[in-house]
Amino acid sequence: MTDIMKYNFTAIEKKWQKKWLEDKVYAAVNGSEKPKFYALIEFPYPSGQGLHVGHPRPYTALDIIARKRRMEGYNVLFPIGYDAFGLPTENYAIKNHMHPREVTETNIKRFTEQLQMLGYSFDWDRCVDTTDPEYYKWTQWIFLKMYEKGLAYKASMPVNWCTSCKCVLANEEVVNGVCERCGAEVVRKEKSQWMLKITEYAERLINDLDEVDYIERVKIQQRNWIGRSIGAEVSFSTTAGDTLLVFTTRPDTLFGVTYMVMAPEHALIEKWSDKLSNLDAVREYQEAAARKSDFERTELAKDKTGVRLEGVNAINPVTGNEIPIYISDYVLSTYGTGAIMAVPGHDTRDWEFAKQFGLPIIEVVKGGNIEQEAFTDCETGIMVNSGFLNGLTVEEAKKKITEWLTMKGLGHEKVNYKLRDWVFSRQRYWGEPIPLVYCEKCGWVPLPESELPLRLPDVKSYETTDNGESPLAQMSDWVNTVCPHCGGSARRETDTMPQWAGSSWYYLRYMDPHNKDRLVGEEAIKYWHQVDWYNGGMEHTTLHLLYSRFWHKFLYDIGVVPTKEPYMKRTSHGMILGEGGEKMSKSRGNVINPNDIVAEFGADTLRLYIMFIGDFEKAVPWSSTAVKGCKRFLDRVWNLAEAPLEGDGYSQANESEIHKAIKKVSEDIESMKFNTAIATLMSLVNTFYENKPTRGDIKALLLLLSPFAPHIADELWEIQGFEGYACVQPWPEYDESKTVDAEKEIAVQIGGKLKSTVIIPLDADDETVKQIACKDEKIERLLEGMEIVKTIVVKNKLINLIVKPKEK
RNA sequence: GCCGGUGUGGCGGAAUUGGCAGACGCCCGGGACUUAAAAUCCCGUGAGGAUAAAACCUCGUACCGGUUCGAUCCCGGUCACCGGCACCA
């Protein structure tokens, strides 16, 4: 045989990609009789750089799962789309004097080619694009519904302003004081912004985590981000007459309150201005605090600063003592009530402040040494110096004091969250226009539904401005309009929505992407319900994932969707790093382009390698030599399938290994242990090299291989003369009884140390095992002059003999 | 500081969660085929000792200690790295 057919992956992959697409092999069917399965990956942002080698990791993983489900008889929805609004496209367009629309179209085309090149089983007929007016019509519609229900409001407040993007950012988009996207400095800026009341859903966003199957670290991160604290709100009367309201998680320490602190921005300060004898010093401190960026405020955290409000004191409600009030920037205006009761004995920050200003420190919980540091333990301490709370534990005291406060009308139990409302406006062009107009007479007026979508004006110039206004503000033709309410002249809102808007509901559109009347048809949502398995990056845990859960819950409340949660299961992949273990980046020059790998080794090899590379959940460095190992494996598969033995059943020599492999691969895919699934397939092929496989053996191998390397599987399937596509055949089944061998090799230990191995019949009883073990040559020798004092047998695994020298 | 995670050969990583540590792959070494090379196939490959060669012995899962017949796995402590939050009262 000189003319051995080579594994020509380039031709094979093109051939099958074309066939799959033409035959719509991967089309999901709405309303099918089959059980449904909805697998989702985070749709890409179509950047100018094209597909990165990081993209295929989650995509291939869920493609494998979707393919397996399809073979198991499910009606699978595995869709793809593009999250195409956003800054990088806009910046690129400005720089190259193009329109973002044009840039987006080019990028989407490129991404589509690249994704198709990798052989993903997406249903391409359901592709969505968030920048398509037919799509963003519904993004706007949801926003209007939120406005209608009072969940969208405009408020003037200090916001995060990225100095480079010239745009506000959500709290979630600020990382270590800099912009998460561009890394530029973020400063505080007072601006009027559209806000979404995500805080109204804080409780449900935490509680409903119990009902979903997310990996634990995602749940933990979301819980921490929402940051629920249970405590009490307490009113302190003041010598000025007003009451000062505070939030505390430690009402039990009320007897230990020796002073109060207000945030420099607190509204009462203004009210008290004529009572303050040191108003100049107060004003100076307020101004200094306002000038600091968030970053500076945390940087200078070590030394506490502040100014006493001379002229106004507060009164401790339990002791009746007059206590001083300070302003300090260690108290945040945005959390709780913007003021605190200070308990220096039992709060680290209060302790530091008290030391700095020479304020009294009283011990009210015994157990620590408050001379040296604040005692903050809530578990072990006992109440002291606390009147009617003395002798109680912290837990008991909390309960008792809260009851007392409630009874006296001085306070009540209160839950607080770290989560803030979502800053929803962006001063940029390339985003969904906010469909509201401002009328002098009527105020903010929503557009009627019939006027949606409100399209972005098609203009040439949309440069950002330094004054903090959206580029849309300069387009007077578009801005000036009439009020839908009174018909008078009105101005459109010129800010646009953030990138996270379109992605907050896209999974619903996939269910019914061409519906003209609703964002998703009733039949479609009733059939598909929600996403069964969603995989995405950890970096979206407190952004997209949280936002879309919020939107979904809102849509549930207004009756658009029947489920409380959008995603039943959430998993997350690790990053792919450069060869040196560093993050892949253009500046490091260690970026791997999937196109190059596909050209050199083929898509099947790339898919296999990316899944074989390591634990799916962990970050892993790329290795260009290791890719070859996967190519070699496929070559071995190819050569093996050339001329199998006759016979459509399993060969006797391979049967047991095949059943074991089916079991192992099936289970490993479910638990996303793709690396060991592939190792199993490699071992099976190695076995086939020892025992020549039949056509039936090959068939099983091809079916197991198909989700991982679908092109070669279909090609060899065809070459072997099997009918149809391998990728939609029934998933092979295994017979449990055939996965176990009749004989087992077990370990023989003496005193816990491995000394030999013996072969025993499967499930042999302890006595039999012992007899066989003792007859082993090596063991026999070692047992000479010894007495067995104890025998431990682990069924089918090992026997451990505990011995001591025989007494004469 | 708080929360979470990880630590296993030269490298990526396995180990049915308390039972033969290092599966599978990469790298490397040897052999077969070849005029030669590549490709392919076969063999070896944790460290140290022992041996003509084996058999064999000792050590070994970041470090120290504990529980156990037996620990990569459980418990206590230490160190290192990664991720998230960070004056949230």
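Owing to the predicted nature of the structure, the values given are computational and were not obtained by experimental measurement. Lettering of chains follows the sequences in order, A, B, ..., and the numbering in each one begins at 1.
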Checklist entry - For the residue pair A:Thr376 and A:Arg250, what are the closest heavy atoms and their distance? => result O-NH1, 3.7 Å
Checklist entry - Between CG of A:Asp421 and OG1 of A:Thr199, what distance do you get to the nearest 0.5 Å? => result 3.5 Å
Checklist entry - Can you tell me the Watson-Crick or wobble partner of B:A80, both distances under 3.5 angstrom? => result B:U6
Next on the checklist: Students often get this wrong, so: under 4.0 angstrom with heavy atoms, is A:Lys673 touching a base, only sugar-phosphate, or nothing?
Outcome noted: sugar-phosphate
Checklist entry - CG of A:Leu205 to CG of A:Leu546: how many Å apart, nearest 0.5 Å? => result 5.5 Å
Checklist entry - Would you find more than 12 non-hydrogen atoms of other residues, nucleotides or ligands less than 6.0 Å from A:Glu777 atom CD? => result no
Checklist entry - Which pair of heavy atoms, one from A:Phe255 and one from A:Val364, lies closest together, and at what distance? => result C-CG1, 3.8 Å
Checklist entry - Does the A:Asn654 side chain pair with the main chain of A:Asn691, one donor and one acceptor, at a distance under 3.5 Å? => result yes
Checklist entry - In whole angstrom, what separates A:Phe616's CZ from B:G12's C1'? => result 17 Å
Next on the checklist: Each nucleotide in nucleotides 25-32 of chain B should get exactly one letter: B, S or -. Can you fill that in based on protein heavy atoms under 4.0 Å?
Outcome noted: SSS-----
Next on the checklist: Please report the distance separating the P of B:G5 from the corresponding atom of B:G76, rounded so that it comes out in whole Å.
Outcome noted: 14 Å
Checklist entry - Start at the 5' end of RNA chain B and walk down; is the nucleotide closest to A:Val794 or to A:Thr676 reached first? => result A:Thr676
Checklist entry - Should A:Ser229 be listed as having a side-chain N or O under 4.0 Å from OP1 or OP2 of B:A89? => result yes
Next on the checklist: Give me syn or anti for B:U67, where syn covers glycosidic angles within 90 degrees of 0.
Outcome noted: anti
Checklist entry - What does A:Asp350 touch in the nucleic acid at a heavy-atom separation under 4.0 angstrom: a base, only the sugar-phosphate, or nothing? => result nothing
Checklist entry - Could you give the NZ-to-P distance, from A:Lys797 to B:U17, as a whole number of Å? => result 7 Å
Item to check | Distance, C1' atom - from B:A50 to B:A38, rounded to whole angstrom | outcome: 41 Å
Checklist outcome for this item: Which of A:Phe616, A:Phe612, A:Tyr609 passes ring pair (Phe, Tyr, Trp, His ring centres under 6.0 Å) with A:Phe674? It is A:Phe616
Checklist entry - NA contact type, A:Arg420, heavy-atom cut-off 4.0 Å: base, sugar-phosphate, or nothing? => result base
Item to check | B:U6 and B:G12, which share atom name C1', separated by this distance in whole Å | outcome: 15 Å
Item to check | side chain to side chain donor-acceptor pair (under 3.5 Å) between A:Thr676 and A:Asp668, intermediate numbers included | outcome: CA-CA 7 Å; A:Thr676 50; A:Asp668 281 355; 2.8 Å; yes
Checklist entry - Whom does B:C20 pair with, Watson-Crick or G-U wobble, provided both distances fall under 3.5 Å? => result none
Checklist entry - If every non-hydrogen atom of A:His346 is compared with every non-hydrogen atom of A:Ile362, which pair is closest and at what distance? => result NE2-O, 4.0 Å
Next on the checklist: Can you identify which nucleotide, out of B:A89, B:C20, B:C59, has its nearest atom closest to the A:Tyr335 side chain?
Outcome noted: B:A89
Checklist entry - A:Phe688 CZ to B:U40 C1': how many Å, rounded? => result 20 Å
Checklist entry - Distance between the P atoms of B:C43 and B:G48, in whole angstroms? => result 25 Å
Next on the checklist: I'd like to know if the side chain of A:Asp741 and the backbone of A:Lys744 have a donor-acceptor N/O pair within less than 3.5 Å.
Outcome noted: no
Next on the checklist: So if I take residues 213-226 of chain A and measure heavy-atom distances to RNA chain B, which residues fall below 4.0 Å?
Outcome noted: A:Ile220, A:Gln221, A:Asn224, A:Trp225
Using nucleotides 65-70 of chain B, report all nitrogen or oxygen pairs with the protein that are shorter than 3.5 Å.
| unit_1 | atom_1 | unit_2 | atom_2 | d |
| --- | --- | --- | --- | --- |
| B:C69 | O2 | A:Asn800 | ND2 | 2.3 |

Checklist entry - Taking the P atom of each, how far is B:A52 from B:U68, in whole Å? => result 44 Å
Checklist entry - Glycosidic conformation of B:G9, syn or anti, with 90° from 0 as the boundary? => result syn
Next on the checklist: If you assign each of A:Glu690 and A:Lys418 to its closest nucleotide in RNA chain B, which residue comes earlier from the 5' end?
Outcome noted: A:Glu690
Checklist entry - Do A:Glu579 and A:Asn590 come close enough that some side-chain heavy atom pair is under 4.5 Å? => result no
Item to check | Distance, P atom - from B:U8 to B:A14, rounded to whole angstrom | outcome: 12 Å
Item to check | N/O (side chain, A:Lys753) to phosphate O (OP1/OP2, B:C59) under 4.0 Å | outcome: yes
Item to check | Paired nucleotide for B:C85 [Watson-Crick or G-U wobble; both distances under 3.5 Å] | outcome: B:G1
Checklist outcome for this item: Taken to the nearest whole Å, NZ/A:Lys692 to P/B:C41 is 14 Å
Item to check | Length of the CD-C1' vector between A:Glu600 and B:A39, whole Å | outcome: 15 Å
Item to check | Complement of B:C59, any strand, by Watson-Crick or G-U distances under 3.5 angstrom | outcome: B:G46
Next on the checklist: Tell me whether the rings of A:Phe353 and A:Phe357 are parallel (<30°), tilted (30 to 60°) or perpendicular (>60°).
Outcome noted: parallel
Checklist outcome for this item: When every non-hydrogen atom of A:Arg57 is compared with those of A:Gly574, the smallest separation belongs to NH1-O, 2.7 Å
Checklist entry - Tell me: CE of A:Met575 to C1' of B:G83, nearest whole Å? => result 9 Å
Item to check | Between B:G7 and B:G13 - P atom distance, rounded Å | outcome: 10 Å
Checklist entry - Could you give the NZ-to-C1' distance, from A:Lys631 to B:A38, as a whole number of Å? => result 13 Å
Next on the checklist: At 4.0 Å (heavy atoms only), tell me whether A:Leu798 reaches a base, stays on the sugar-phosphate, or touches nothing.
Outcome noted: base
Next on the checklist: Quick check for you: to the nearest 0.5 Å, what is the distance between A:Leu705 atom CG and A:Leu608 atom CG?
Outcome noted: 6.5 Å
Item to check | B:C82 and B:C75, which share atom name C1', separated by this distance in whole Å | outcome: 25 Å
Item to check | Euclidean distance, atom CD of residue A:Glu173 to atom P of B:G84 [Å, nearest integer] | outcome: 16 Å
Checklist entry - Can you check side chain to side chain donor-acceptor pair (under 3.5 Å) on A:Thr305 and A:Tyr285, steps first, answer last? => result CA-CA 9 Å; A:Thr305 59; A:Tyr285 188 82; 2.7 Å; yes
Checklist outcome for this item: Using Watson-Crick geometry (N1-N3 plus N6-O4 or O6-N4) or G-U wobble (N1-O2, O6-N3), each under 3.5 Å, B:A39 is paired with none
